[in-house]
Every structure is written in C-alpha cells, then in structure tokens.
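First the structure, in the form of structure tokens, and then the observations on it.
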Amino acid sequence: MTHGRTAIVTGAARGIGAATARRLAADGFAVAVVDLDESACDEVASNIREAGGSALGVGIDVTEAEQVEAGVARIADELGPPVVLVNNAGIIRDNLLFRMSESDWDSVIDVHLRGAFLMARACQAHMTAATFGRIVNLSSSSAQGNRGQANYSAAKAGLQGFTKTLAIELGKFGVTANAVAPGFIQTDMTAATAERMGVPFEDFLAHAASQTPVQRVGQPEDIAATISFLCSEEAGFVSGQVIYVAGGPLD
Ligand code: NAP
C-alpha cells in the first residue's frame with residue numbers, strides 16, 4: 001500500500017491533523033503522527049496500521065528545538081526520510097487586545113511560527129537530498145483579521161510569508177511549499193471557541209453555516225483532501241500559494 005515516501009503531520013492526534021494523517025496514509029505515505037502526547041498519537045497511528053497503512057506515533061513539542069531535531073531523526077530512522085511536512089499543530093489563546101497577556105501572544109506565535117520554522121528546518125535536508133519535497137503550512141481565514149485573535153491572525157498571516165519564502169528558496173531542489181487557509185472547520189478548536197463565548201456548539205455551527213456560501217461548515221476531511229493534492233506528485237508546479245478552503249471566496 002505504501003509508495004515508500006514518508007510524511008510528517010504535526011498536531012495529528014485529533015482534528016484536521018488526524019484526518020490529514022489518515023488521508024496521506026491512504027494516499028500511500030508512511031505517516032509520522034506527531035503531537036504533544038505520544039499516547040494520543042499512538043491511537044491515530046494504530047488506526048492507520050489497522051487500515052493497512054504504515055504509521056508511527058511520535059511525541060514532539062514543535063516549539064522545542066531539541067525535541068524537533070531528535071523526533072525528526074527518529075522518524076527518518078524508523079519510517080524513512082520525511083519528504084512531506086504538514087505544519088498543522090496549533091493553539092488559540094483568544095482575547096481582545098487590551099486583555100491579551102504576553103503569554104497569550106508568545107505561546108500562539110511560538111506554536112504556529114517557531115514550530116513551523118523548526119520543523120521545516122529539520123526536514124529540509126531530507127527533501128533536498130531526495131530532490132522531492134512538499135511542505136504544507138496551515139494558515140487560516142483569520143489571517144485577514146479576526147476580532148479577539150490579534151496573536152492568531154498575526155501568526156497565520158506570518159505563515160503565509162514563511163510559505164512563500166520557502167517556495168522561493170527550495171524550489172530548485174524539487175520542493176514546493178504552500179499554505180492551506182481553512183475557514184470554519186468543525187473540530188475541538190472551534191468547540192473551545194463556542195464554549196469560551198458561552199454559545200452551545202450546535203448553535204455556533206448553525207450560525208457559521210448560515211454565513212458560509214455553501215451553507216455548511218467544513219469538516220477536517222475537506223482540508224485533508226486539499227493537503228493530499230498539494231502533497232501529490234502532480235502538484236509539483238503549484239508552489240508559494242495560499243489556498244483558502246472556506247466554502248466561499250476569501251483571498
Ligand atoms: P485542534 O483540534 O485543536 O488540534 C490541534 C492539535 O495540535 C492538538 O492535538 C494539539 O495537541 C496539537 N498541538 C498544540 N500545540 C502543539 C505543540 N507545541 N506541539 C505539537 N502539537 C501541538 O485543532 P484543529 O482545529 O484541528 O486545527 C489544526 C490546524 O488548523 C491549526 O493550525 C489551526 O490553527 C488551523 N485552523 C483550524 C481552523 C478550524 O476552524 N478548526 C480554521 C483555520 C485554521 P493538544 O491536544 O495536546 O493540545
């Protein structure tokens with residue numbers, strides 16, 4: 001079932017990351033399921049193996065350089081050199097600017113931006129050696145600005161610049177870099193937002209669907225399908241792009 005290439009998906013114990021790990025495994029990648037908690041990773045990795053794929057659960061905090069270097073080395077050793085990297089790990093610490101603490105700011109910037117930087121830096125040598133690589137960074141429709149998310153929108157906009165620069169630097173080695181910017185996706189992250197706002201999740205979902213041209217919210221599989229294309233052989237001429245997957249026309 002595998003075609004011999006290895007992919008890493010961060011934040012893959014649940015939500016969009018878990019759906020992406022399962023999808024890339026179904027596409028034939030050996031998949032490193034990376035998250036903070038290795039036991040939570042193991043669950044997704046075992047699901048993939050039960051479905052006939054190849055997977056390894058690895059606990060890595062993407063903000064910690066030593067854990068990133070050691071984890072990527074272990075993945076290269078046990079699964080094969082990672083030539084696909086999906087930087088999906090993410091957190092929210094929403095607050096209006098006047099209430100936003102320095103730690104709210106730093107932790108969000110660290111997981112999204114520092115994490116994507118450390119992971120890409122650790123993986124790039126495997127990609128350039130293979131003269132093939134695919135990097136996909138998870139941005140967000142919030143990159144265009146969203147009330148209560150000064151930290152998150154700055155991080156998600158920053159990831160777009162990071163993506164374009166990687167595309168410019170790594171293109172000559174057969175490596176593409178793209179960003180996928182989801183709109184409203186039904187996951188624990190959006191459930192946490194509903195809870196913080198004191199709105200029942202069902203009502204929150206119904207409202208989001210009513211504001212979306214296709215009249216539904218997104219599912220993790222919607223994002224996984226776009227990432228699957230960007231990681232494919234045939235997507236080799238798509239690089240430095242930001243693809244909004246939001247059920248309507250954002251840009
Ligand atoms: P989620 O359900 O909250 O999952 C995020 C995962 O990232 C969790 O498993 C979390 O682990 C992990 N993580 C957090 N910090 C980490 C770290 N330092 N190192 C490694 N893993 C870490 O989120 P999601 O909704 O699937 O979102 C996935 C990505 O899409 C995020 O980058 C998010 O910003 C982006 N996005 C989501 C939406 C949406 O509507 N859901 C929209 C736009 C963009 P723990 O569970 O242990 O904390």
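Start at 1 and go down the list; that is how both ligands and their atoms are numbered. Quick caveat, the model's predicted, so the values are computed rather than measured.
Selection from Leu159, Thr187, Thr10, Asn137 by nearest heavy atom to atom 24 (P) of ligand 1 gives Thr187. With distances taken over non-hydrogen atoms, the option nearest atom 1 (P) of ligand 1 out of Arg114, Arg14, Glu64 is Arg14.
If you check the side chains of Thr63 and Asp110, you find no donor sitting under 3.5 Å from an acceptor. For Asp61 and Gln67, the side-chain atoms include no donor-acceptor pair closer than 3.5 Å. Side chains of Asp104 and Asn151: no donor on one and acceptor on the other come within 3.5 Å. No side-chain donor from either of Thr10 and Asn88 sits under 3.5 Å from a side-chain acceptor of the other. Between the side chains of Ser39 and Asp42, not a single donor N or O lies within less than 3.5 Å of an accepting N or O.
Ligand 1 has Ser139 within reach: a non-hydrogen atom of the residue lies less than 4.0 Å from it. Contact analysis leaves Ala12 out of contact with ligand 1, as no non-hydrogen atom separation drops below 4.0 angstrom. At least one heavy atom of Lys156 sits closer than 4.0 Å to an atom of ligand 1. Note on ligand 1: Ile91 sits in its first shell, one or more heavy atoms being nearer than 4.0 Å. At least one heavy atom of Asp61 sits closer than 4.0 Å to an atom of ligand 1.
Taking every heavy atom of Asn88 and a limit of under 4.0 angstrom, the matching atoms of ligand 1 come to 28 (C), 29 (C), 30 (O), 31 (C), 32 (O). The ligand atoms of ligand 1 that sit less than 4.0 angstrom from a heavy atom of Ile60 are 19 (N), 20 (C). Shown in contact with His112 at under 4.0 Å from a heavy atom are these atoms of ligand 1, numbered in order with element: 32 (O), 34 (O). Residue Gly15 approaches ligand 1 through these ligand atoms, each under 4.0 Å from one of its heavy atoms: 26 (O).
Within a 6.0 Å radius of CD in Glu43, other residues, nucleotides and ligands contribute 12 heavy atoms or fewer. Enclosure of atom CD in Glu102 is not indicated, since only 12 or fewer non-hydrogen atoms of other residues, nucleotides or ligands lie within 6.0 angstrom. Around atom CD of Glu69, more than 12 heavy atoms belonging to other residues, nucleotides or ligands sit under 6.0 Å away.
Here the protein heavy atom with the shortest distance to atom 34 (O) of ligand 1 is Tyr152 OH, 2.5 Å. Nearest non-hydrogen protein atom to atom 38 (C) of ligand 1 is Gly183 O, 4.0 Å. Nearest protein neighbour of atom 5 (C) of ligand 1, counting heavy atoms only, is Gly90 O, 3.7 Å. Residue, atom and distance of the protein heavy atom nearest to atom 40 (O) of ligand 1 are Ile185 N, 2.8 Å. Scanning all protein heavy atoms for the shortest distance to atom 47 (O) of ligand 1 gives Leu36 CD1, 3.6 Å.
Using a 4.5 Å cut-off on side-chain heavy atoms (C-beta onward), Tyr244 and Gln144 make contact. Here the side chains of Arg147 and Leu96 are in contact, with some heavy-atom distance below 4.5 Å.
The distance criterion of under 3.5 Å between nitrogen or oxygen atoms is not met by Val111 with respect to ligand 1. On a distance-only criterion, Val62 and ligand 1 share at least one N/O pair closer than 3.5 Å. Distances between N or O atoms of Asp35 and those of ligand 1 include at least one value under 3.5 Å.
Separation of the Phe132 and Phe173 ring centroids does not fall under the 6.0 Å cut-off.
A donor-acceptor pair is defined here as one N or O able to donate and one able to accept, closer than 3.5 Å; no such pair exists between the side chain of His126 and the backbone of Val84.
Contacts of Ile16 with ligand 1, taken as heavy-atom pairs under 4.0 Å, involve both backbone and side chain.
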